[in-house]
Amino acid sequence: MNFYERCWGIERANRVFNEMPKREDVVWNEAVKLNVKHEQWVRALELLREMQYSCMKVKGTTTVRVLQACGKLKALAQGKQIHAHVLRFGMESSVPICNVLISMYAKNGELELAGAVFNSMEDRNLTSWNSIISAYASFGFLDDAWNHFHKLKSSTIKPDIVTWNCLLSGHTLNGSYEDVLTILRMMQIYGIQPNSRSITCGLQSVIELGLLPHGKEIHNYVIRHDLDCDVYVGTSIVDMYAKRDCLDIARAVFNNLKSKNIFAWNSLISGYSFKGHLQDAENLVGQMEDAGIKPDIVTWNSMVSGYSMWGHTEKALDMIHQIKLSGLTPNVISWTALISGCSQNGKYRESLEYFIQMQEEGIKPNAVTISTVLQSCGGLSLLQKGKEIHCLSVKNGMTRDVCVATAIIDMYNKSGSWRSAHKVFKRIHKNSLASFNCMIMGFAMYGLGKEAISLFHEMCSIGITPDAITFTAILSACKNSGLVNEGWEFFDKMSRDYNVTPKIEHYSCMVDLLGRAGYLDETWDFIQKMPLKPDATIWGALLCSSRIHENIEYAEIAAKNLYELEPDNSANYVLMMNLYAMSNRWKDFDHVKELMNSAGLKNGQAWSWTQIDHTVHHFSAGQSTHPDCGEIYFELYQLISQIKKLGYVPDVSCVYQDIDDVEKEKVLLSHTEKLAITYGLMKRKGSAPIRVIKNSRICSDCHTVAKYISMLRKCEIIIKDGVRFHHLSKGNCSCKDCW
DNA sequence: ATAGGGTTAG
């Protein structure tokens, strides 16, 4: 039989077997084992059944082999049949057979059955214990695994390296990386030498936890125990250094590797690419090819991701082309890398275009792709497109994914529809810290301070601990709703009760909160006492508040710092010019204007847009480019005269030009958000809210006009300005006029 | 006869 197997393979061997006139038990057993070895599963089982029918003796070793195969092939039904056979022929007292039964059930995910077999055993050896501990650990039932470990320790049998490694890999799979390191320490206490498998678990944990010193310790251990010739260990070390930004060390370790497989190359390349050393990464790809290793899809994807993340979209696209040239097909990860890079760099439009292109090439998006694309929709406030993607994710059952759910909430918040965001939020079964943060931030953006605060309390009451991001959200909610006392309270509480040290963004919120409320001296005091060096956000907040409350003294201090910290930000110059204009200080006005000109800066173009059906309508300051321009102005004049009857008085202080009030009133009319709102009113169908996006901050006059229009025409108007959202209805705004 | 079988890209 063996001879035939060697010369002509399993089929020939089976034929010879069938032609044998008289077949002994031994031959039958050999035939079954052989078929299992060649993964001729059906045939092996047929033979086994024939043996059972003819009451032949099936040897223990044969049974073990077949059960092993049932585990590997996840053939639960067949496994159970053999289990029945084992019971019928009284083989259940055999320790090896029970051991393999445990393993078979575990591999098929039947932990209860595995446990039942283990419990029914009269005698157990170390392998039995290892099998059951491995079963529980590999499915994340770590408590059960430890329980059995402790029972084992109180018996006469001693755990070995396999036992420990089962626990290590269980904790690694479960993501409890601190525990992995603790177990490694325990092993040393018990005098068990970690082997290469233990080490790879440890290294993976060190990478996830970002504990480079521990990693170096493990590296030393590896060198001392000659484990660095293990391919997996070597690659993990390269990977660790590459991920922790120690590219030189990573390269040195890599160069010393005895055998360099594709994983090692890829780890190094991804390290260089991720850090933005793209030329080095590309050179490595060349070297890898010279060494006779063909770059695979992972190699190329590292390159796509690097280029795309660092803003070189064209090169990323070029890499996608290269993938095709090398005979491979760009997969969902290649495309997601490209799309995500665009989105992260603010190239939202491009990212949406590539999303379409990806689908045209027959690649289906997954949850990561969807979350990324939703970010792009939010970035552009494209509510319609965002809704489409939301539908797509529902259709594909992706809303259960925490990242997708959070991205949907964020998209609705950023697209002017906090109600939809809230609806999605409430429908999520188990909200996470991230989704709470996202929704609190959403309320904050609309000036819904009370709602944000009550959500904060709800979150704490169900046992979720707020983090630094939660406090940024809650403080900006207080800031956007003018809740000074509440803001102070949260600021005190965060370090006192929640052990979160305030960062610069928290200080910035406080400066904004105090300043806008008019407590400028207190704000100044606060900045002086801050333990951190004030940055542009702090001075920017002070400048804004000083402008609102027309305090030239503080404004000038803030501006002086800002001109140094961000000389290219025209907004700072413009704010200063506004302030001087308000106080009729035209000489100072001209001075700032010169300063701005000499820095080569222009006053940014103001624009607004609104979406009607599937078309985006753009309105730019000083241009009457819209085809329906005449009609829009006609409608606007009528609206203005109607709201004047309701009490509207134009706020000419919003015009910072040295002209008379009649002229100023005309200038007010041309503000782009008014045109966009008017157009939205003209074209809207039914009672859908009018949504307008504006690149800079809305002025107080437009804000007032929008409030009156919402009252007059009984409509909802949602305006996103450079900073936040305004949700207007029935003559009121969600921001309660504190901006 | 029986236990563990890993590392890279979004």
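A, B, ... follow the sequence lines: proteins, then strands. Residue 1 opens every chain.
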Exercise. Could you give the CG-to-P distance, from Asp123(A) to dA1(B), as a whole number of Å?
Worked result: 19 Å
For this session: Look at all strands and tell whether Ser302(A) reaches a base, only sugar-phosphate, or nothing, counting heavy atoms closer than 4.0 Å.
Result: sugar-phosphate
For this session: Look at Lys243(A) and dA9(B) and indicate whether a side-chain polar atom (N or O) is within less than 4.0 Å of OP1 or OP2.
Result: yes
Problem set entry | Residue Ser305(A), side-chain atoms from C-beta onward, closest of dT2(B), dG10(B), dG4(B) | dG10(B)
Exercise. Can you tell which of dG10(B), dT7(B), dG4(B) lies closest to the side chain of Thr235(A)?
Worked result: dT7(B)
For this session: Please step through salt bridge (charged side-chain N to carboxylate O under 4.0 Å, His left out) for the pair Lys59(A) and Glu30(A), ending with a clear verdict.
Result: CA-CA 10 Å; Lys59(A) 287 209 304 188; Glu30(A) 280 306 310; 5.3 Å; no
Problem set entry | Between dA9(B) (P) and Ile207(A) (CD1): distance, integer Å | 9 Å
Exercise. Quick check: does any side chain N or O of Thr62(A) sit under 3.5 Å from a backbone N or O of Val58(A), one acting as donor and the other as acceptor?
Worked result: no
Seminar exercise, completed: Looking only at dA3(B), dG10(B), dA1(B), the nucleotide nearest the Val64(A) side chain is dA1(B)
Problem set entry | Ion pair check, Glu208(A) and Lys243(A), cut-off under 4.0 Å | no
Exercise. Taking the side chain of Asp160(A) as heavy atoms from C-beta outward, which of dA9(B), dT2(B), dA3(B) is closest to it?
Worked result: dA3(B)
Problem set entry | Length of the line joining Arg197(A):CZ and dA3(B):P, which is rounded to integer Å | 13 Å
Exercise. Can you find a side chain N or O atom of Gln204(A) that sits less than 4.0 Å from OP1 or OP2 on dG6(B)?
Worked result: no
Exercise. When the distance from CG of Leu173(A) to P of dG6(B) is rounded to whole Å, what number comes out?
Worked result: 10 Å
Problem set entry | Distance-only side-chain donor-acceptor flag, Arg251(A) / Tyr241(A), under 3.5 Å | no
Seminar exercise, completed: Between Ser128(A) and Asn99(A), the two heavy atoms sitting closest are OG-OD1, 2.8 Å
Exercise. Among the nucleotides dA1(B), dG4(B), dG10(B), which one has an atom lying closest to any side-chain atom of Ile333(A)?
Worked result: dG10(B)
For this session: Would you mind telling me which of dA3(B), dA1(B), dG6(B) lies closest to the side-chain atoms of Tyr232(A)?
Result: dG6(B)
Exercise. Do Arg124(A) and Phe118(A) meet the cation-pi criteria used here (NZ or CZ under 6.0 Å from the six-membered ring centre, within 45° of the axis)?
Worked result: yes
Seminar exercise, completed: Rounded to whole Å, the CG-C1' distance (Asn29(A) to dA1(B)) equals 13 Å
Seminar exercise, completed: Closest to the side chain of Cys166(A), out of dT2(B), dG4(B), dT8(B), is dG4(B)
Exercise. Ser196(A) near the nucleic acid: base, sugar-phosphate alone, or nothing, with a heavy-atom cut-off under 4.0 Å?
Worked result: base
For this session: When you get a sec, tell me which of dT7(B), dG4(B), dG10(B) is the closest nucleotide to the side chain of Asn165(A)?
Result: dG4(B)
Exercise. Side chain of Lys107(A): nearest nucleotide among dA1(B), dT2(B), dG4(B)?
Worked result: dG4(B)
Problem set entry | Rounded distance in Å - CD (Glu208(A)) to P (dT7(B)) | 11 Å
Seminar exercise, completed: Taken to the nearest whole Å, CD1/Ile323(A) to C1'/dG10(B) is 12 Å
For this session: Select one nucleotide: of dA1(B), dA9(B), dG6(B), the one nearest the side-chain heavy atoms of Asn331(A).
Result: dA9(B)
